[in-house]
Amino acid sequence: MADDSVIRVGLIDDDSLVRAGLAMILGADPGIEVVGQGDDGSEAVPLVQKHRPDVLLMDVRMPTMDGISATRAVTALPNPPAIIMLTTFDMDEYVFQALEAGAGGFLLKDTPPADLARAVHVVAGGDAMLSPAVTRRMLGHFSDSNPTRSQEQHPGLDQLTERETEVLGAVGAGLSNAQIGMRLFMSEATVKAHVSKIFSKLDCTNRVQIAIIAHEAGLGDIEAPQE
């Protein structure tokens, strides 16, 4: 593709009308190109291997392979795309599982067009598509369902520098890279570099998983900005 700045997007949804609507909405953004579509989670890996999207929008519930299984399969690939889960229900139980499996965020299917396109840009840029309010609710869910999990189960935390630990706590509070930079007096590029190192040291595929670890370790206590 001639313009490397254009975000390549793949769509996986068993409803052809939903796919058509998403393709039309995203295609109207000059910074986004829909490069491939599929109607079941079983098509996710082949689509990624063939079209190499930067972002994959995928339904949670599909007949043959659901979005959770497909997310696990895609995130196991080398250099996987960022994944945004699509759901009809706010905070669907399946979405929690998908986020833990490696998805970078989730959106309701009735998300306004402008917000949908913005979500693709946000996730492609390395941030999670979860507002601070949603992040707090999500982390509360994981705490309630996993009350005995602790820092001992994340030995990679010992490998983090003091600065990386500060960034980890900020991610756990639901802050974006730009907000972390302002809070910790760093450039956004420096924040991204720290987050990348945290990914490696904690063996995570996205910042949602990082946020879960931060919360469990008691590091996500920075007050996030209100919406």
Side-chain angles (χ1 to χ4, degrees), residues 55-56 60 67-69 71-85 91-106 119 122-184 186 188-225:
V55 177
L56 185 64
V60 173
I68 299 167
S69 298
T71 294
R72 292 194 182 102
V74 169
T75 54
L77 296 172
N79 301 312
I83 299 175
I84 299 176
M85 303 307 300
M91 306 308 284
D92 189 312
E93 173 68 22
Y94 288 101
V95 176
F96 287 118
Q97 297 177 38
L99 290 172
E100 199 165 32
F106 77 90
V122 167
V123 172
D127 278 327
M129 192 53 226
L130 291 170
S131 68
V134 172
T135 298
R136 288 191 289 271
R137 289 167 60 192
M138 181 196 73
L139 294 177
H141 168 89
F142 282 118
S143 294
D144 292 343
S145 60
N146 301 282
T148 62
R149 293 171 72 170
S150 68
Q151 185 167 345
E152 294 179 358
Q153 291 182 273
H154 305 294
L157 288 170
D158 296 335
Q159 302 175 31
L160 300 183
T161 64
E162 182 177 351
R163 202 55 161 163
E164 288 166 356
T165 300
E166 289 178 328
V167 172
L168 173 65
V171 172
L175 303 183
S176 68
N177 287 344
Q179 291 166 338
I180 294 171
M182 289 187 289
R183 184 66 58 91
L184 300 180
M186 294 186 287
E188 191 168 348
T190 299
V191 174
K192 287 183 178 180
H194 281 308
V195 171
S196 179
K197 290 177 182 177
I198 294 171
F199 280 155
S200 177
K201 292 180 179 181
L202 298 185
D203 192 26
C204 293
T205 58
N206 63 59
R207 63 195 292 125
V208 175
Q209 293 172 329
I210 287 178
I212 294 169
I213 292 175
H215 186 73
E216 291 174 342
L219 298 173
D221 299 327
I222 298 176
E223 184 180 355

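The heavy-atom pair separating Cys204 from Ile213 by the smallest distance is SG-CD1, 3.5 Å. Considering every non-hydrogen atom in both Val74 and Pro81, the closest pair reads CG1-CD, 3.7 Å. Closest non-hydrogen pair, Ala101 versus Thr75, comes out as O-OG1, 3.5 Å. For Pro80 against Leu77, the heavy-atom pair with the smallest separation is CD-O, 3.1 Å.
We find the CG-OG1 distance between Leu184 and Thr190 to be 11.0 Å, quoted to the nearest 0.5 Å. The distance from atom CZ of Arg183 to atom CD of Glu166, rounded to the nearest 0.5 Å, is 12.0 Å. For the atom pair Asn177 CG and Met186 CE, the distance stands at 9.5 Å (nearest 0.5 Å). Taken to the nearest 0.5 Å, the CD1 atom of Ile210 stands 5.5 Å off from the CD1 atom of Ile198.
In this structure, the side chains of Thr161 and Lys201 come closer than 4.5 Å at one or more pairs of heavy atoms.
Remark: Arg72 pairs with no residue by the salt bridge (charged side-chain N to carboxylate O under 4.0 Å, His left out) rule, at least two apart or across chains. Residues satisfying the salt bridge (charged side-chain N to carboxylate O under 4.0 Å, His left out) test with Lys192, not counting sequence neighbours, are none.
Heavy-atom contacts from other residues, nucleotides or ligands closer than 6.0 Å to NZ of Lys197 number 12 or fewer.
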CA sep, side-chain torsions, deciding dist, call: Leu168, Leu157, side-chain contact (heavy atoms from CB on, under 4.5 Å): CA-CA 10 Å; Leu168 173 65; Leu157 288 170; 3.4 Å; yes

